[in-house]
2 protein chains.
Amino acid sequence: MSEKPQPQDPVALDLRLPDPQPQDPLALDRQVCFALAAASRSVIGLYRPVLEPLGLTHPQYLVMLALWERSPRTVRDIGQALRLEPATLSPLLRRLESAGLLTRKRNPDDERALNVELTAAGRALRQQAEQVPGQIFDRLGMNVAELERIRDGLTMLLTASQRA
Amino acid sequence: MSEKPQPQDPVALDLRLPDPQPQDPLALDRQVCFALAAASRSVIGLYRPVLEPLGLTHPQYLVMLALWERSPRTVRDIGQALRLEPATLSPLLRRLESAGLLTRKRNPDDERALNVELTAAGRALRQQAEQVPGQIFDRLGMNVAELERIRDGLTMLLTASQRA
DNA sequence: CTCATTTAGTTAGTATACTAATTATTTGTG
DNA sequence: CACAAATAATTAGTATACTAACTAAATGAG
């Protein structure tokens, strides 16, 4: 599809128009990091209209997913699950608290730690959230197996980049 | 907590320990969007120390890649290549101009458009940038074929999400 | 027990990114 | 030609995200 015939004939090479793609290591379309950044922004953009009725941004949705798996959790625990710094989560959690979806209370056994816990409204929101993955899937219109293959590749990439 | 066992085989199900993963469509680790967001942030984080000597952030590096392919380009043109809004590029380009890597001049033939053009310093930076992909590759320590497979999957995902 | 060290969050400062609104030009239509 | 519509950037406003610096609390070695 985006394939160019591999020029095996040296004579033909000189006749080609300048094209950054062929073997330029700096060609934009060859960079994994560009594919990653662009796909991430684009896919997350798909979530915007779907999450908007729930009153959530995509990062907020991820925090809710973490809390629906377990609640209460500490800031650090959520950060480890989502691979986000506490400094990023701090204001984000405050907004979710303002939205009435969770509470933030110091842990009585360790006053340094903050217990982040779902409210009834936060738990109730899960029902609506259950429709989200299906809606995104429909919009993407991709093969399930293909999507899972991509996700598994990304998980591998995440592991490799964290090891580095 | 937030678990409701799917009662298909009530007897066997009751014996399972609570585990969000198996078939919960909202399980964090199943979400393509989470793998995407986390991998994107983590891989871009790998670039930080590598790009720091060049004085570039990762988005700035992507803009430079676009300009090394062709210069001058308009803001809109760069935005289409990088899949970024002009509103995002506007301040970013101003910073690159302050860094002396490019110039911003209105197009005489169309005063609405802005010609973004590399300076000599901007062109010269390419030499150092040529070392970047190799350094990242070394840090990742992943198979080339594997990486290209992931990149191609991401490109497919990007296409699908833009079509939606 | 005491104080240096570690740990958990928050705050400050910078840079993305998005949508919506605005400004300046250019284009197209009657 | 006049002017509404379209186009290109910028600005305003909100929300992430990161590092570094800071505060408060818990831990641990002597």
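Below, read A as the first sequence line, B as the second, and so on, with proteins coming before strands; counting in each chain starts at 1.
Between A:Asp24 and A:Arg30, none of the side-chain N atoms (NZ, or NE/NH1/NH2) sits under 4.0 Å from a carboxylate O, so this pair counts as no salt bridge. Checked for salt-bridge contact, B:Glu97 and B:Arg104 meet the test: a charged N lies under 4.0 Å from a carboxylate O. The pair B:Arg126-B:Glu130 meets the salt-bridge criterion, with a side-chain N (NZ, NE, NH1 or NH2) lying under 4.0 Å from an Asp/Glu carboxylate O.
Distance check, rounded to the nearest 0.5 Å: CD of B:Gln127 to CD of B:Gln131 gives 8.5 Å.
A straight line from CD of A:Glu111 to P of D:dT27 spans 12 Å, rounded to a whole angstrom. Here the C1' atom of nucleotide D:dA8 and the CD1 atom of B:Ile78 are 13 Å apart, to the nearest Å. At whole-Å resolution of the value, NZ in A:Lys105 and P in C:dG9 are 15 Å apart.
Ring pair A:Tyr61/A:Tyr47 is tilted by interplanar angle, where 30° to 60° counts as tilted.
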Under 4.0 Å protein heavy-atom contact, by nucleotide of nucleotides 9-21 of chain D - B base, S sugar-phosphate only: SBB---SBBBBB-

